[in-house]
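Lettering of chains follows the sequences in order, A, B, ..., and the numbering in each one begins at 1.
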There are 2 protein chains.
Amino acid sequence: MPKDKAPTRIQRKNRLTILEAALDVFSSQGFRGATVDQIAAVAGLSKPNLLYYFPSKEAMYDAVLSQLLYTWLDPLRTLTPEGDPLEEILSYVRLKLEMSRNYPRESRLFANEIVQGAPRIHQVLATDLKQLVDEKAAVIQGWIDAGRLAPVHPYHLIFSIWSLTQHYADFDVQVRAVLGQEDPFAAAPDFVETLYRRLLSPAGA
Amino acid sequence: MPKDKAPTRIQRKNRLTILEAALDVFSSQGFRGATVDQIAAVAGLSKPNLLYYFPSKEAMYDAVLSQLLYTWLDPLRTLTPEGDPLEEILSYVRLKLEMSRNYPRESRLFANEIVQGAPRIHQVLATDLKQLVDEKAAVIQGWIDAGRLAPVHPYHLIFSIWSLTQHYADFDVQVRAVLGQEDPFAAAPDFVETLYRRLLSPAGA
DNA sequence: CCTCGGTTTGACCGTTTGGTCAAATCAAAG
DNA sequence: CTTTGATTTGACCAAACGGTCAAACCGAGG
């Protein structure tokens, strides 16, 4: 392992290559399903070389996961009390849907981790994520109390957005199997927009 | 392995015990994450004994999965052209939600399989499932054309029901982490019912 | 050119895992 | 009780896997 001095050019490049390959393999096979040899093959490096840059397979997984967590929670932060309530939520939905389209591996890795009980990120969910959702749910509840949004359970509204948007990435094969050759993301944006407009438009509209 | 004659009482009992244990372990660890020893421990039998009843670990997985598939697609079959459109869909939604509550292991096993690309059931999805969904989507489209349901993309409507209801089983830990000690299924039925009423109620209502 | 720290790898190790097998045990029929 | 086929298991095997290590390699500074 390199000293804890400033990383060299080669170190930066190889670390990125490895993380990229690890994301590929972990997201499609899960942690236990993935092997270091597979990751090495995808990265185009030898197995001992991977273990020169990361102390263990678990360290690779943790690195991929923590890097992912940071960007994964980001879209929710963009939801702010200013601006039109419905448009705020719709743009959050659109953002999440585009992340599913553009970063399906990240979505699947996250799904894998959660489905298996989130053994490694349970703490983050119960603290950081909960705090963030509490905060945004309060914003939504505020809009509802002000009559600017039809009444809904704010937490379950957020859950519904997660499940709906991530479904297109996580269950991609199922969606494709049912739709035939049609592109799943063709009609999805219109559908979710319609759904949340009808769900959330205040009564008078 | 037993002959292919009529199964004895012991065979029936042990096969069921093993499948139950296998569902437990496969659903929480995935196929590669599960070990035959784990399943044996849960079943209270020895490892060679499991392999006396099933030729391989994969055979156990296939048995669990195919048994699951049959019941999993069943709720959708209950959706029939007769009866009130909105109520038909709402009762399908309620059925799916109860399955998530009562059979979370099945839901998670299915999710695991799909997320990892559905290597073993791809064929079933592209034939049986697609055919069933095609049929039901046509029913829904018929209701829409008759003005008895607000216009929506029928396929994506079905996807949304799957994702929403299964989310409570598959992402259980995440939902619980965010909600604190609150029971996720307490408010869920009301939420989904509200959602689909607002989405689907015909314009004039 | 040489040096030296960073980098790469072939060979290897201990453990885990899926699966086998012969021998032991059990249970039902005669 | 005895027999016979079904059932159970301790011991074992080969392959796969995560990880180690000493030796080789490489590239930038002197």
For D170(A), the option from S163(A), S100(A), S107(A) that meets side-chain hydrogen bond (donor to acceptor under 3.5 Å, both in side chains)
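Only one option passes, and that is S107(A).
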Indicate whether the side chain of E113(A) and that of Y61(A) have a donor and an acceptor atom separated by less than 3.5 Å.
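Yes, Y61(A) and E113(A) have a side-chain donor paired with an acceptor closer than 3.5 Å.
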Does any donor atom in the side chain of S201(A) or Y196(A) lie under 3.5 Å from an acceptor atom in the other side chain?
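No donor-acceptor contact under 3.5 Å links the two side chains.
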Under 3.5 Å, side chain of K47(A) to main-chain N/O of Q38(A), donor-acceptor pair present?
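Checking the backbone N and O of Q38(A) against the side chain of K47(A), no donor-acceptor pair under 3.5 Å is found.
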Test your reading of the model: is there a side-chain donor-acceptor pair from S160(A) to the backbone of L157(A), 3.5 Å cut-off?
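Checked: pair present.
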Hey, what's the ring geometry for H153(B) with H156(B), parallel, tilted or perpendicular (30° and 60° as the breaks)?
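Aromatic pair H153(B)/H156(B) classed perpendicular.
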For the pair made of [atom1] in [X] and [atom2] in [N], what is the distance, rounded to whole Å?
{"X": "N49(B)", "N": "dC26(C)", "atom1": "CG", "atom2": "C1'", "value": "12 Å"}
{"X": "Y52(B)", "N": "dT7(D)", "atom1": "OH", "atom2": "P", "value": "4 Å"}
{"X": "K13(A)", "N": "dG27(D)", "atom1": "NZ", "atom2": "P", "value": "11 Å"}
{"X": "L51(A)", "N": "dG10(C)", "atom1": "CG", "atom2": "P", "value": "14 Å"}
{"X": "F31(A)", "N": "dC17(D)", "atom1": "CZ", "atom2": "P", "value": "13 Å"}
{"X": "N14(B)", "N": "dT7(D)", "atom1": "CG", "atom2": "P", "value": "8 Å"}
{"X": "L45(B)", "N": "dT25(C)", "atom1": "CG", "atom2": "P", "value": "18 Å"}
{"X": "Q11(B)", "N": "dA27(C)", "atom1": "CD", "atom2": "P", "value": "15 Å"}

Quick one: do R197(A) and E193(A) make a salt bridge, cutoff under 4.0 Å?
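Answer for the salt bridge query: yes.
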What's the closest nucleotide to the [X] side chain, out of [options]?
{"X": "S46(A)", "options": "dT7(C), dT9(C), dT8(D)", "result": "dT9(C)"}
{"X": "T8(A)", "options": "dT8(D), dG19(C), dT7(C)", "result": "dT7(C)"}
{"X": "R9(A)", "options": "dA28(D), dA6(D), dG6(C)", "result": "dA28(D)"}

Please produce a list of atom pairs where a protein N or O lies less than 3.5 Å from an N or O of nucleotides 11-17 of chain C.
from: dT17(C); atom 1: OP1; to: R32(A); atom 2: NH2; distance (Å): 3.4

